[in-house]
Structure formats: C-alpha cells, structure tokens
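As structure tokens, the structure follows; a few thoughts come after it.
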Amino acid sequence: MFPEFTLRYARLPDRFFARFAPVAVEAPRLLAFNRPLAEELGFETAAFDATSAAEAFSGNAVPAGAEPLAQAYAGHQFGHFNPRLGDGRAVLLGEVTDREGRLRELQLKGAGCTPFSRGADGRAPLGPVLREYLVSEAMHVLGIPTTRALAAVATGERVFRRVPEPGAVLTRVASSHLRVGTFQYFAARGDEEAVRLLADLAIERHYPELADKPPAQRYLALLEAVQARQARLVAGWMGLGFIHGVMNTDNVSIAGETLDYGPCAFMEAYDPEQVFSSIDEGGRYAYRNQPWIAQWNLARFAETLLPLIDDDADRAVERATAMIQAYPEQYEAEWLSVMRGKLGLVGEEEGDRELAEAFLEAMAAGRADFTLAFRHLAEAVEQDAPALLERFETPDAIAAWLPRWRARLAREAADPATIAARLRGTNPRYIPRNHQVEAALDAAAEGDLAPFETLAEVLATPFEAQPDREAYARPAPAGAAVFRTFCGT
Ligand code: AMP
Ligand code: MG
C-alpha cells in the first residue's frame with residue numbers, strides 16, 4: 001500500500017543523521033487521512049482502512065523499504081545560534097516518487113525521543129498536530145508553497161505541556177527537509193566537505209538547472225535560487241496576512257516551502273505590527289518584519305556557502321553580500337506582483353505600488369479585516385459596496401481610495417465582470433481563522449472531530465462562496481479574538 005521508498009539523504013555520510021526507528025505508541029487511532037494527497041503520492045489508498053492507516057502513520061508499523069532516521073541540523077532561534085538542534089521528535093521515513101515524478105519526503109512528527117531530543121519528550125500534542133494539518137493544507141489550496149499533511153494519528157498517550165494533553169503524530173510531506181540550519185550545522189563545525197555535499201544535494205533535488213554550471217558560479221547561483229524562492233514565499237505570506245511566528249533558520253526550507261507550523265496565525269484586523277507567538281516577546285517575527293527576517297536568514301545561509309562561492313575569502317564575502325543586497329528589490333517586486341493580483345490588476349503601471357500601499361493604510365486606519373477587505377473588492381469594482389465599507393471602522397480613507405482604484409481599473413484591458421471574477425479567484429473568502437481553529441482543536445481534544453472536519457472542508461475551497469458556512473468567513477466576535485498562540489508544540 002506504500003509506494004516504493006528511496007532516500008537520497010540516507011546515502012550521505014553518517015554524520016548527517018542518526019538512524020532511528022519511530023517509538024511505538026500505545027493505542028494509535030486515525031484522526032485524519034488525506035486521501036487525495038495519498039493518491040498523488042502513489043499510495044494504494046484502497047488498501048488502507050482506519051486500523052492499518054493508524055498503524056502505519058503512527059510509526060507502529062514501519063513500512064517496507066523505509067530507512068527511518070533523524071536529521072542533524074543547527075539553527076538561529078530568535079537570533080541566537082544553537083549549533084545542535086536536529087530532529088528531536090521527527091523521523092524521516094523516506095522519499096516516494098509522486099504521480100508527476102517528483103520526489104517527496106515523508107516524515108513522522110512526534111515519533112519519540114531521538115538522539116537530538118535534548119531532554120524533551122519527542123512527542124507532539126494533538127492540538128498542534130491538527131493545527132499543522134489544517135493550516136498547511138489550507139496554505140496549499142491558497143497557492144502557497146508548503147509542506148503538506150498526509151495523516152494525523154492520536155497516540156492514546158498523554159503528553160505534558162502546560163497541562164496533560166492527548167498526544168498525536170503528524171505525517172508531513174515535503175519536497176525535502178533541507179533547511180538553512182542543516183547547512184549551518186556543518187558550517188559551524190568547519191566541515192566544508194559536508195556543506196558541499198549538502199549544496200550538491202540541494203541542487204540535485206530542487207535546482208537541477210544549476211548542476212551544469214561551473215563550480216565557480218554554481219554555489220552563488222544556489223544562493224540566488226534559494227533567495228528567489230524565499231522572496232516569492234514571503235510575498236505570498238504577506239498577501240494572505242499569514243504570520244509564520246518562528247522564522248528561525250532551522251525552519252527555513254531550502255526548497256522554498258513554508259515549513260514548521262508552530263505558533264503561526266492569520267491576521268484579522270490589519271495591523272502590520274501584529275505578533276501572535278507567545279514566545280516572540282520582542283516582536284522579532286511580527287508581520288511587517290517577515291520579509292526582512294527572511295533576508296537575515298538568507299545571509300546566514302550565504303555565510304555557510306562562502307568557502308564554496310570563492311576560494312578567495314574576501315571575494316566570497318563580496319559576491320555573497322552583493323547577492324543578499326539584491327534581495328530587497330527582488331522581494332519588493334514579488335510583493336508588488338502579489339498586490340497587483342489582489343487588486344485585480346494585470347497590467348503594470350508606475351503608481352500601482354502607491355495604490356496598494358494606500359489600500360493597506362486605509363485598512364490600518366479603519367481596522368479592517370485583512371481577508372474580507374480584499375475579498376469584498378470584487379463587489380466594489382463598479383460602485384461602492386456596503387459589505388466592503390462595513391469592514392472599515394472609519395470609512396474616510398477607503399472612500400477616498402475607491403475612486404482612485406476604479407480609475408486605475410478603467411485602464412485594464414478587461415470588463416468589470418472579468419475583473420471581479422479575477423478578484424474572487426485571488427482573494428479568499430475563507431482562511432483558517434484563529435478562533436475557529438482553536439475551537440476545532442478544543443473539540444478534537446475532547447474526542448469530537450466534527451468541527452475539525454467541517455473546518456477542513458470549508459478551507460478546501462476557500463475562493464468559493466459557501467452560503468451555509470458564512471460563520472467561517474467572519475472575524476472573531478469582539479472579545480473572542482485569539483491574539484496569542486502558544487508554542488507548546
Ligand atoms: P521547532 O520549534 O518545532 O522548530 O523545534 C526546534 C527544535 O526543538 C527542533 O530541534 C525540534 O526537533 C526540537 N523539539 C521541539 N519539540 C520537541 C519535543 N517535544 N521533543 C524533542 N524535541 C523537540
Ligand atoms: Mg522546526
């Protein structure tokens with residue numbers, strides 16, 4: 001029932017990982033199984049019933065051909081370098097080749113104490129597992145590169161965080177789990193050979209077009225390619241009001257996917273200073289900082305590549321620095337392209353950036369819900385839409401902005417109905433709203449999966465109006481908004 005496994009990472013020298021089999025759990029019970037994804041990955045899904053799926057995706061039955069291992073990595077966490085993190089509770093089973101011929105890694109998260117656990121329990125509570133399941137699948141449907149969720153299994157065991165909680169295991173699917181922190185682990189040890197092996201693996205797996213470049217250009221080109229994907233990724237987050245929450249270098253995927261859904265959340269009322277994570281006291285990873293933190297993380301990546309970029313140390317720094325300095329312009333271009341899409345613009349005009357910024361300012365002034373303000377633009381293409389204006393506590397700024405926007409739309413080579421359809425296909429009606437997510441997870445912890453399943457269903461078609469599901473489109477009622485997410489993951 002499992003497709004055939006390979007694992008390119010396991011062919012690397014021993015110092016890259018610790019072989020480690022998942023620790024069996026007491027009473028595995030299937031909570032969620034992503035059949036469409038399983039099919040995309042080449043699973044024989046008909047062969048799975050709830051029992052066999054629970055066995056396989058809890059780690060109790062390690063599938064044939066898997067080479068379970070925990071990966072070594074380091075990372076800057078909130079700016080502080082930790083030379084040894086590694087998979088403290090995750091086990092990489094192997095890669096499968098999906099229906100389109102792409103390699104996809106399968107990892108069990110919450111699979112027990114590994115040699116990298118550093119005194120922690122190696123397990124994951126059910127809440128964060130289901131949260132990652134919901135939010136990563138939602139992100140995928142919203143068009144953002146991301147790891148995926150294949151299954152969630154309750155363990156029948158308790159994990160102890162602030163209070164005892166039911167435990168669970170998540171099966172995560174990623175293009176790879178190579179991170180900036182993987183490179184840092186070896187760079188910090190002065191292990192240049194290992195960094196080169198990793199860089200070559202990253203090129204083989206994610207940037208094969210660079211393989212033919214001469215070594216003197218190849219690794220700078222790798223930095224450039226990773227940088228381009230980060231710029232695009234973060235611009236995508238910004239366009240959804242998504243706040244990652246833990247943009248540590250160990251959570252930065254070399255493949256450019258959103259990785260690690262810890263204390264992440266979507267903004268409701270627009271506030272660029274918004275922070276959710278309870279552990280992010282300084283606001284390092286606030287919404288508005290994300291693009292610049294990505295650049296900081298890329299600079300850490302660049303440092304690991306210096307010896308490969310140029311034999312001459314000074315020249316290596318010069319070349320890498322010039323690359324990193326090009327990031328703001330690249331990011332701004334990605335952001336503008338996201339914003340044009342969100343405003344229904346296909347053509348490109350000089351004043352578009354200012355127009356987008358003015359909309360955000362109007363939103364900030366009116367404390368408008370980020371998602372709905374964009375969504376209701378589709379109704380306001382030709383005339384003021386009450387639903388849009390209602391989102392703004394103070395209507396002056398938005399009222400002044402709308403005629404400007406319509407004048408700009410008039411110069412698009414499309415009729416209003418086409419523009420409105422374009423807007424509805426770009427600006428979602430449904431996002432994982434924190435109060436809805438929390439309510440679904442609370443019910444699941446009590447054994448009631450229905451709210452989780454309904455929410456997952458709503459989020460599967462976020463661009464379509466779902467008339468009987470309107471409650472899911474609405475921001476949290478006053479007093480019920482969730483402004484803190486806990487990293488008790
Ligand atoms: P994260 O905050 O999820 O990015 O994790 C940072 C580091 O802490 C990684 O090395 C994780 O493997 C490790 N870690 C997080 N939670 C646990 C846990 N419950 N048991 C062991 N290691 C953990
Ligand atoms: Mg992590």
Side-chain angles (χ1 to χ4, degrees), residues 16-18 20 22-23 25 58-59 68-92 105 107-133 135-136 146-147 149 155 157-186 188 233 243-255 257-265 276-281 284-285 293-294 297 300-301 485-489:
F16 283 78
F17 53 83
F20 177 80
V23 180
V25 305
S58 61
L69 60 83
Q71 288 178 304
Y73 55 84
H76 274 92
Q77 299 181 304
F78 295 92
H80 303 286
F81 187 61
N82 188 330
R84 187 184 152 94
L85 292 167
D87 286 331
R89 56 169 167 175
V91 170
L92 192 55
E105 287 183 359
Q107 190 197 60
L108 301 180
K109 186 169 168 184
C113 270
T114 77
F116 299 104
S117 292
R118 298 175 292 141
D121 63 2
R123 295 298 188 190
L126 180 141
V129 163
L130 291 181
R131 163 190 275 272
E132 174 156 353
Y133 193 106
V135 182
S136 65
T146 177
T147 63
T155 59
E157 297 172 5
R158 287 196 302 173
V159 293
F160 297 87
R161 294 294 182 264
R162 284 176 300 164
V163 289
E165 297 177 50
V169 175
L170 177 79
T171 304
R172 176 155 79 183
V173 179
S175 287
S176 87
H177 287 83
L178 297 177
R179 311 144 190 265
V180 167
T182 322
F183 286 77
Q184 289 182 294
Y185 180 88
F186 295 102
L233 177 68
I243 302 175
H244 182 284
V246 264
M247 290 178 70
N248 295 333
T249 56
D250 52 305
N251 294 333
V252 179
S253 149
I254 296 297
E257 293 175 342
T258 310
L259 173 65
D260 209 321
Y261 291 85
C264 64
F276 283 102
S277 169
S278 62
I279 53 171
D280 187 6
E281 282 163 9
R284 180 179 170 91
Y285 300 145
I293 290 293
N297 290 339
R300 306 289 78 74
F301 180 48
T485 51
F486 290 91
C487 199
T489 59

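Numbering starts at 1 and runs along the sequence shown. In each ligand, atom 1 is the first atom listed, and ligand 1 is the first ligand listed. FYI, side chains are in, hydrogens and waters are out, and symmetry mates aren't considered; it's all heavy atoms of this structure.
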Exercise. Side chain, backbone, both or neither: which part of F116 has a heavy atom under 4.0 Å from ligand 1?
Worked result: neither

Exercise. Do R123 and ligand 1 have an N or O pair less than 3.5 Å apart?
Worked result: yes

Exercise. Does even one non-hydrogen atom of G262 get within less than 4.0 Å of ligand 1?
Worked result: no

Exercise. Applying a 4.0 Å heavy-atom criterion (strictly less than), which segment of Q71 is in contact with ligand 1: side chain, backbone, both, or neither?
Worked result: neither

Exercise. Nearest heavy atom to atom 17 (C) of ligand 1: which of K109, R89, E132, R179 does it belong to?
Worked result: R89

For this session: Classify the contact between D250 and ligand 1 as side chain, backbone, both or neither, using a heavy-atom distance cut-off of under 4.0 Å.
Result: side chain

Exercise. Is the closest heavy-atom distance from D121 to ligand 1 below 4.0 Å?
Worked result: yes

For this session: With heavy atoms only and a cut-off of under 4.0 Å, state how N251 meets ligand 1: side chain, backbone, both or neither.
Result: side chain

Problem set entry | Vertex the Mg ion (ligand 2), arms to D260 OD2 and N251 OD1, rounded to 10° | 90°

Exercise. Which bit of Q77 gets closer than 4.0 Å to ligand 1, counting heavy atoms only: side chain, backbone, both or neither?
Worked result: side chain

Problem set entry | Other residues, nucleotides, ligands: >12 heavy atoms within 6.0 Å of R284 CZ | yes

Problem set entry | Side chain, backbone, both or neither: L85 near ligand 1, heavy atoms under 4.0 Å | both

